[in-house]
Amino acid sequence: MAATASVGTEVSVVGKEDGEAAAEEQQVVNPWEVSAGKGGIDYDKLVDQFGCQRLDDALVARIARLTARPPHRFLRRGIFFAHRDLNEILDLYERGERFYLYTGRGPSSEALHLGHLIPFMFTKYLQDAFKVPLVIQLTDDEKFLWKNLTVEETKRLARENAKDIIACGFDVERTFIFSDFNYVGGAFYENMVKVARCVTYNKVVGIFGFTPEDHIGKISFPPVQAVPSFPSSFPHLFSGNDQLRCLIPCAIDQDPYFRMTRDVAPRIGYQKPSLIESRFFPALQGENTKMSASDPNSAIYVTDSAKEIKTKVNKYAFSGGQDSIELHRKLGANLDVDVPIKYLNFFLEDDNELEHIKKEYKEGRMLTGEVKQRLVAVLSELVARHQRARAQVTEEMVDAFMAVRPLPNMFG
């Protein structure tokens, strides 16, 4: 599961009264591209298109009550904003029953950028808050099928990425990390072919947008990402508990993968997985550009130095401020397009400070340089902390997380 893996769905968004230049306003969400019109991603239309539900204040308050801890800032600020059957997960938890978490990463690069960390930061919060087990899938097979990488290279990248994931602070007694090349087989493979038999070629083309030029490896991949949703895929963890519910934290572009899974699940005797879904994390240049490994200045990486972070933010982070100080003092900033504000919304913990910055910046009393300076401090601290944690991750620790073994403290 790539952090931004998605499906072949195009959502037309016509923002001009006469409909001209509609193609410019079309947002495209598929496994290989996430792009939008000039106004950025229209999440309301995406929710309508996918048929999921909005995560409202009542659900956030219920999570806080059930876990007896403040909701994560990603919940407080609507970054995780949509769901499927999250209320059912909370219902069973309130009855004293448990569930497990499933998320993943497609290992196609040496280092993760901050956008890759979002689902793992939130998943760690969920694991700590609900005290439940977690499975993390590293889809090295997917990256071999989609990227110009060898099997050996994708397997190496999977282990390297696992170190960054472990550095997020997951509990080894509640967490199983696996790579597809190393784990797929047995009960996991049995579930894959059960799913595959339920999904026609026409349906998978409709969901994922495959073309006649795509090789059959791509067409056969979706069941691999589907079946970690079923506890019987992990007999060493959940033997005899085939109806255990699964909650999947992911970006909303993952939704149709699991819409397919939810359609198939009852037909093969399993519970439907639930989802809690996030917005996309923007590139430094803005929501209409894409973070790309080929352009290191499009993102902040967890390997960046404090100097590199400062340079990237000051030079490349798109500003909603005005062209001159005089004009900025008069008109203020456009927060809707300002990338430093968007990044602070993700990573600045203090709600009061965030609202103060937004107010002062919007009204022109705070300048772009001051906002960027605060962002540099926040990101430098975050990345330095991650680097210190990753430096402590040994090969033996990776082996421990990836070992096929019972989890001694799954629900403790």
Exercise. Tell me, with the steps shown, if D85 and K272 meet salt bridge (charged side-chain N to carboxylate O under 4.0 Å, His left out).
Key: CA-CA 9 Å; D85 292 343; K272 296 179 179 181; 5.9 Å; no

Give a yes or no on whether the ring-centroid distance for [X] and [Y] is below 6.0 angstrom.
| X | Y | result |
| --- | --- | --- |
| F210 | Y201 | no |
| H72 | F80 | no |
| Y301 | H386 | no |
| Y183 | F176 | yes |
| Y125 | F74 | no |
| F208 | F221 | no |
| F120 | F122 | no |
| F170 | F401 | no |

Has [X] got more than 12 heavy atoms of other residues, nucleotides or ligands less than 6.0 Å from its [atom1]?
| X | atom1 | value |
| --- | --- | --- |
| Y189 | OH | no |
| R69 | CZ | yes |
| Q243 | CD | yes |
| D48 | CG | yes |

Quiz item: With sequence neighbours left out, what residues match K359 under salt bridge (charged side-chain N to carboxylate O under 4.0 Å, His left out)?
Solution: E363

For the student: nearest non-hydrogen atoms of [X] and [Y], plus distance:
| X | Y | result |
| --- | --- | --- |
| I248 | P273 | CD1-CB, 3.8 Å |
| P249 | L247 | CD-O, 3.5 Å |
| S108 | L157 | C-CD1, 3.8 Å |
| M366 | V371 | SD-CG2, 3.6 Å |

Side chain of [X], backbone of [Y]: donor and acceptor closer than 3.5 Å?
| X | Y | answer |
| --- | --- | --- |
| R405 | A400 | yes |
| E308 | S305 | yes |
| R262 | Y257 | no |
| K315 | K310 | no |
| S380 | A377 | no |
| Y343 | P282 | yes |
| T175 | V172 | no |
| K312 | P296 | yes |
| Q387 | D304 | yes |
| K372 | V313 | yes |

What I'd like to find out is whether the side chain of [X] reaches to under 4.5 Å of the side chain of [Y], using heavy atoms alone.
| X | Y | value |
| --- | --- | --- |
| R105 | Q137 | no |
| D164 | V393 | no |
| K194 | N191 | yes |
| F188 | F230 | no |
| V404 | H236 | yes |
| F238 | P133 | yes |
| D180 | L138 | no |
| F99 | C246 | no |

Quiz item: Does F346 have R73 sitting over its ring (NZ/CZ under 6.0 Å from centre, angle to axis within 45°)?
Solution: no

Exercise. Compute both the distance and the angle, then confirm whether R245 meets the cation-pi test with Y100: under 6.0 Å from the six-membered ring centre, within 45 degrees of the axis.
Key: no

Quiz prompt | side-chain contact (heavy atoms from CB on, under 4.5 Å) assessment of L284 paired with N297 | solution = CA-CA 8 Å; L284 282 169; N297 294 319; 5.8 Å; no

Output the distance between atom [atom1] ([X]) and atom [atom2] ([Y]), rounded to the nearest 0.5 Å.
| X | Y | atom1 | atom2 | value |
| --- | --- | --- | --- | --- |
| L86 | L275 | CG | CG | 10.0 Å |
| K342 | L335 | NZ | CG | 9.0 Å |
| I177 | N182 | CD1 | CG | 12.5 Å |
| L149 | S109 | CG | OG | 9.5 Å |
| R374 | L344 | CZ | CG | 7.5 Å |
| I136 | F178 | CD1 | CZ | 9.5 Å |

Self-check item: Evaluation steps, side-chain contact (heavy atoms from CB on, under 4.5 Å), between E360 and E370
Solution: CA-CA 11 Å; E360 294 295 295; E370 296 173 288; over 6 Å; no

State whether [X] and [Y] are salt-bridged, where the test is any N-O pair (Lys NZ or Arg NE/NH1/NH2 against Asp/Glu carboxylate O) under 4.0 Å.
| X | Y | value |
| --- | --- | --- |
| R65 | E94 | yes |
| R62 | D91 | yes |
| R156 | E152 | no |
| K155 | D140 | no |
| E142 | K218 | no |
| D399 | R159 | yes |
| R54 | E277 | no |

For [X] and [Y], which I'm curious about, is there any donor-acceptor pair between the side chains at under 3.5 Å?
| X | Y | result |
| --- | --- | --- |
| E88 | S274 | no |
| T368 | S319 | yes |
| S232 | D242 | no |

Exercise. Please step through salt bridge (charged side-chain N to carboxylate O under 4.0 Å, His left out) for the pair R390 and E160, ending with a clear verdict.
Key: CA-CA 10 Å; R390 194 189 191 281; E160 290 303 306; 3.1 Å; yes

Exercise. Could you go through the salt bridge (charged side-chain N to carboxylate O under 4.0 Å, His left out) check for K124 and D128 one step at a time?
Key: CA-CA 6 Å; K124 183 189 184 304; D128 291 347; 2.4 Å; yes

Quiz item: Stepwise, does the salt bridge (charged side-chain N to carboxylate O under 4.0 Å, His left out) test hold for E355 with R77?
Solution: CA-CA 11 Å; E355 289 309 309; R77 297 172 188 168; over 6 Å; no

